[in-house]
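Here is the structure we will look at, set down as structure tokens.
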Amino acid sequence: MLDFLGTRQRTATCGQLRAADAGQTVTLMGWVNRRRDHGSLIFLDLRDRYGITQVVLDKDLAPEGHAKAEQARPEYVVAAIGKVRLRGADAVNPKMPTGEIEIAVDELLLLNDSKVPPFSPAEEAIANEEVRLKYRYLDLRRAEMAHNLEVRHKVALAVRQYLDAQGFYEVETPFLTRSTPEGARDYLVPSRVHPAHFYALPQSPQLFKQILMISGLDKYFQIVRCFRDEDLRADRQPEFTQIDLEMTFPQQETIFGIVEGFLAAAFAAVGITLPSPFPRITYDEAMRRYGIDKPDLRLPGLTDIRSAFTAEQLQTLAVDPALPVVAVRVPKVGDLSRKERDDNRPLFETKKGAKLLDDLRRLERSFPESVAKLRELAQAQPDDLLIIVAGDAATHIAASDTKFEGRLSEREIAVLSAAGNFRVELAKKYADRHGAFAVTDSVVRSPERSSSQIDGSAAFRPLWVTDFPMFEHDPETGRWAPAHHPFTSPHEEDMDRLISDPASVRARYYDLAMNGLELGSGSIRIHRQDVQQQIFRALGMSDDEAKARFGFFLEALQYGTPPHGGIALGLDRLVMILAGASSLREVIAFPKTAKAIDLMVDAPTPVSDGQLKELHIRPSVRN
RNA sequence: GGGGACGUAGUUCAGCUGGUUAGAAUGCUGCCCUGUCACGGCAGAGGUCGCGGGUUCGAGCCCCGUCGUCCCCGCCA
């Protein structure tokens with residue numbers, strides 16, 4: 001019943017042939033996307049990664065092939081040998097790239113059959129994700145998934161080519177290594193040879209790439225898998241891929257230039273122009289203007305409108321005059337009804353001492369001049385939604401509210417971030433009304449991208465966020481913890497305050513945000529051992545503790561470490577943005593579920609007693 | 001660890017206030033059809049209502065538990 005392939009070779013793909021190819025004899029191979037049986041005439045849509053081509057089997061002209069086509073079913077693998085033929089004028093299908101031609105088949109081979117699939121790769125409406133992930137091989141046959149993997153490949157290739165041209169070497173670092181000083185939990189791999197000893201899978205190649213700088217490699221990059229044993233989110237998988245790079249003797253701007261270069265190349269590879277340089281903003285400014293450290297520039301930021309109110313007015317409103325009073329503005333949303341405002345209240349975090357003034361009309365009746373002024377300050381259009389966020393005078397927290405020189409206090413940050421998070425929530429909720437996200441969608445889904453470059457400047461809004469705080473205060477332990485990894489360099493001019501005023505010390509640490517997503521972060525590293533020691537001391541870490549955790553690295557640091565720095569960008573997130581996907585799973589071939597399970601291979605699983613014994617492991621829980 | 005949503009035919013879903021034999025679309029099977037392209041026509045098969053327990057004369061529907069998928073908080077430089 002099935003046919004052997006013999007020496008047949010495919011001569012064209014299913015997305016390739018056009019009117020100009022008419023008359024050629026071709027051999028197509030692919031999957032049966034759909035079969036339309038008209039009795040003595042059968043149409044098969046043949047599908048492969050490249051597209052769909054219609055093949056026609058006429059009982060009069062090719063009785064054997066026609067008989068085979070009667071047996072063919074969706075997802076059968078077939079070879080069609082025949083002539084490319086122009087379709088009649090009324091039979092042209094303008095919806096298909098190959099719609100002007102069809103294959104008049106002389107010979108049809110059934111290369112393989114298929115069970116009835118649980119869902120059809122030909123369908124636009126898709127099955128639930130559980131089914132898709134279990135039958136991922138069928139899911140990946142869908143044009144959308146094939147497209148996402150194509151984008152991923154093109155982006156990775158463009159990045160490699162760009163970095164190669166800039167003199168970077170791709171160097172592989174070990175997967176079986178020791179725990180590096182990142183904040184997440186490690187995936188551990190037991191050693192058979194060394195009982196009770198474990199390797200860790202890398203959370204990132206951080207220390208290896210720094211050591212490559214000590215080695216004089218000068219410019220390193222790697223498109224590398226990283227592993228973190230933390231709970232998942234739509235934009236977080238336990239294994240993910242980073243574009244990781246490091247270079248010797250850079251200034252921060254050197255790194256930015258490289259990243260802007262390879263991102264422009266990556267966007268160009270998928271038909272989008274991305275202007276550079278990207279704007280820069282300090283962490284403090286980001287918090288002041290957006291209330292978040294990864295601002296989405298597609299929407300307006302916060303406006304400080306405290307000056308619109310008098311001290312008495314603020315008192316009447318029970319607003320703390322010492323804290324920011326900011327307006328959240330979302331364009332084109334209009335005024336909200338009482339019910340809408342009530343529904344939105346849970347989106348606002350009140351616990352941090354921030355309060356919401358969301359009924360501007362009522363406020364306007366009491367203080368018409370102030371509201372007019374704040375509308376002006378916020379540059380509000382009549383149909384904009386305006387909401388005020390301020391410090392709540394009733395929940396004054398005096399004790400922990402230390403104000404450091406030139407930097408935002410914890411309480412100011414609390415109010416600003418409550419406003420910033422509310423802004424993000426409202427933006428998500430009213431996306432249909434303000435339309436700012438649809439701009440990105442339209443660029444991502446534009447068919448013109450395949451033939452020409454289209455302008456991405458409104459759809460993709462990258463932003464460098466710089467000068468993050470070096471330390472963050474842990475209210476539970478009362479100690480200062482590194483906000484990042486402990487090898488991040490402080491600003492040289494802030495170093496004299498390491499002990500006296502740790503909160504005011506800025507790190508030479510930077511994030512790249514795009515459209516409200518954190519795309520990557522990096523820093524200029526510490527290259528001097530004496531500075532490294534000061535940092536450990538500021539963190540309250542003893543020499544012995546530091547040595548126990550990072551001994552090999554501290555040792556390496558003593559042998560002529562050059563100034564160096566780098567960055568790591570999430571490839572998955574980048575592709576997610578470029579594919580217009582709402583989850584990383586859409587751009588990873590074989591992703592895991594929210595419980596970190598691979599539904600296709602069914603992992604993780606228990607293992608045999610023999611394996612455990614060999615690894616000297618005795619589980620405390622039994623299945 | 002916590003909160004929320006969902007779970008009914010292969011798939012996507014409907015199923016009222018708890019009431020007779022659980023429906024639709026699509027897919028699947030068979031027959032018919034020479035210009036379809038989401039082909040069409042006729043006929044048919046297809047259900048552990050996630051699982052377990054409870055309430056009730058009676059449960060897809062109510063209650064408790066449990067499992068799974070998704071989203072969020074915590075967590076994740």
Side-chain angles (χ1 to χ4, degrees), chain A residues 33-47 52-61 66 70 73-75 85 87-96 98-99 102 104 114-135 138-139 180-186 203-204 206 226-238 240 242 293 346-347 349 351 421 424-425 428 468-472 481-488 507 509-511 518 520-523 525 567-568 570 582-583 585 591-597 599:
Chain A
N33 197 56
R34 284 204 166 87
R35 183 178 68 119
R36 290 179 294 279
D37 185 346
H38 289 237
S40 302
L41 192 69
I42 298 175
F43 299 95
L44 297 179
D45 286 343
L46 235 58
R47 183 193 67 235
I52 291 176
T53 298
Q54 171 169 287
V55 305
V56 190
L57 292 113
D58 190 321
K59 195 169 187 176
D60 298 337
L61 302 177
H66 179 271
E70 284 186 321
R73 291 292 179 274
E75 302 312 310
R85 182 169 72 191
R87 298 196 194 182
D90 53 345
V92 167
N93 185 345
K95 285 185 281 184
M96 297 172 71
T98 61
E102 62 192 6
S114 168
K115 286 174 70 174
V116 175
F119 60 92
S120 168
E123 288 290 328
E124 302 265 333
I126 49 178
N128 80 50
E129 218 170 332
E130 206 172 338
V131 182
R132 288 176 59 202
L133 289 175
K134 180 169 180 192
Y135 299 93
L138 298 177
D139 193 36
T180 52
E182 313 289 338
R185 294 187 189 89
D186 285 318
Q203 295 179 29
S204 86
Q206 183 62 36
C226 302
F227 305 87
R228 291 176 193 176
D229 186 7
E230 296 294 341
D231 287 346
L232 288 77
R233 290 283 189 284
D235 61 354
R236 268 165 33 192
Q237 283 272 313
F240 60 98
Q242 291 207 326
D293 62 2
L347 303 175
E349 313 156 340
K351 56 189 169 197
N421 292 336
V424 169
E425 293 294 337
K428 266 191 242 170
F468 275 73
M470 182 79 183
F471 305 103
E472 50 191 30
H484 325 289
H485 63 74
F487 307 105
T488 301
Y509 182 96
Y510 34 85
D511 269 7
E518 180 193 320
S521 32
S523 63
R525 328 293 181 186
I567 194 166
S582 55
S583 160
R585 293 184 299 276
K592 292 178 177 57
T593 70
K595 285 246 169 75
I597 285 169
L599 287 174

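Numbers restart at 1 for each chain; the letters A, B, ... are given by sequence-line order, proteins then strands.
Heavy-atom distances to RNA chain B give each of L232(A) and L599(A) a nearest nucleotide, and the one nearer the 5′ end belongs to L599(A).
Across the P atoms, A43(B) and G52(B) are found 38 Å apart, a figure rounded to whole Å. The C1' atoms of C6(B) and G50(B) are separated by 12 Å, rounded to the nearest whole Å. Here, G23(B) and C16(B) have their C1' atoms 14 Å apart, quoted to the whole Å. Nucleotides A9(B) and C42(B), compared at atom C1', are 22 Å apart to the nearest Å. Between G65(B) and G3(B), the distance separating the two P atoms is 11 Å to the nearest Å. On the C1' atoms, C57(B) is 34 Å away from G68(B), given to the nearest whole Å. Atom name C1', nucleotides C63(B) and G18(B): the rounded distance is 13 Å, in whole Å. Annotation: U20(B) and C61(B) have their P atoms spaced 14 Å apart (nearest Å).
In terms of modelled atom types and a separation under 3.5 Å, the side chain of Y510(A) and the main chain of S523(A) share a donor-acceptor contact. Between the side chain of H485(A) and the main chain of G183(A), no donor-acceptor pair closer than 3.5 Å is present. When atom types are taken as modelled, the side chain of H66(A) and the backbone of G39(A) share a donor-acceptor pair closer than 3.5 angstrom. Looking at R35(A), its side chain never comes within 3.5 Å of a backbone N or O of F43(A) through a donor-acceptor pair.
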For this session: Assess whether side-chain contact (heavy atoms from CB on, under 4.5 Å) is satisfied between E75(A) and R47(A), documenting all intermediate values.
Result: CA-CA 9 Å; E75(A) 302 312 310; R47(A) 183 193 67 235; 2.7 Å; yes
Exercise. Can you list the steps and then say if E230(A) with R185(A) is a salt bridge (charged side-chain N to carboxylate O under 4.0 Å, His left out)?
Worked result: CA-CA 6 Å; E230(A) 296 294 341; R185(A) 294 187 189 89; 2.8 Å; yes
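Side-chain atoms of Q203(A) lie closest to A77(B) of the nucleotides C70(B), A77(B), C72(B). Of the listed nucleotides (G1(B), A77(B), G68(B)), G68(B) has the atom at the smallest distance from the side chain of E130(A). Candidate nucleotides G30(B), G68(B), C71(B) were compared by shortest atom distance to the side chain of S583(A), and C71(B) ranks first. For A234(A), whose side chain is taken as the heavy atoms from C-beta onward, the closest listed nucleotide among C75(B), C72(B), A77(B) is C72(B).
Partners of S40(A) according to the side-chain contact (heavy atoms from CB on, under 4.5 Å) rule, which considers only residues two or more places apart in sequence or in another chain, are K59(A).
In this structure, R132(A) places its CZ atom 18 Å from C1' of G7(B), rounding to the nearest Å. Counting to the nearest Å, the C1' atom of G1(B) and the NZ atom of K595(A) are 12 Å from each other. In this structure, L347(A) places its CG atom 14 Å from C1' of C71(B), rounding to the nearest Å. Atom pair D293(A):CG and A77(B):C1' shows a separation of 12 Å (rounding to whole Å applied). The distance from atom CG of D235(A) to atom P of C75(B) is 16 Å, rounded to the nearest whole Å. Atoms NE2 (H66(A)) and P (C32(B)) sit 11 Å apart, rounded to a whole Å. Here the P atom of nucleotide C31(B) and the CD1 atom of I42(A) are 12 Å apart, to the nearest Å. The distance from atom CG of L133(A) to atom P of C70(B) is 7 Å, rounded to the nearest whole Å.
Pair assignment for C37(B) gives none, since no Watson-Crick or G-U wobble pairing has each distance under 3.5 Å. Pairing for U66(B) is with G50(B), a Watson-Crick or G-U wobble pair whose two hydrogen-bonding atom distances lie under 3.5 Å. As the counterpart of G10(B), U26(B) is assigned, both hydrogen-bonding distances of the Watson-Crick or G-U wobble pattern falling under 3.5 Å. C57(B) is paired with G19(B) under the criterion used here, namely a Watson-Crick or G-U wobble arrangement in which both key atom distances are under 3.5 Å.
Within the nucleic acid shown, P74(A) comes within 4.0 Å of sugar-phosphate atoms alone, with no base atom in reach, counting heavy atoms only.
Looking at every heavy atom in both residues, S204(A) comes nearest to C226(A) through CA-SG, 3.8 Å. Residues R585(A) and K592(A) come closest through the heavy atom pair CD-O, 3.7 Å.
Distances shown here put every side-chain N or O of S120(A) at or beyond 4.0 Å from the OP1 or OP2 atom of G27(B). The side chain of N128(A) contributes no N or O atom lying less than 4.0 Å from OP1 or OP2 of C6(B). Phosphate contact (OP1/OP2 of A77(B), side-chain N/O of R185(A), threshold under 4.0 Å): absent.
Residue R236(A) places a side-chain atom within donor-acceptor reach of the base of C76(B), judged by atom type and a 3.5 Å distance cut-off alone. Under 3.5 Å, the side chain of D231(A) and the base of G74(B) form at least one donor-acceptor pair of N or O atoms. Between the base of G74(B) and the side chain of R233(A) there is a donor-acceptor pair shorter than 3.5 Å.
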Exercise. What string of B, S and - do you get for nucleotides 34-40 of chain B 5' to 3' if you count protein non-hydrogen atoms under 4.0 Å?
Worked result: BBBBSB-
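Checking Q54(A) against R36(A) by side-chain atom types alone, a donor-acceptor pair falls below 3.5 Å.
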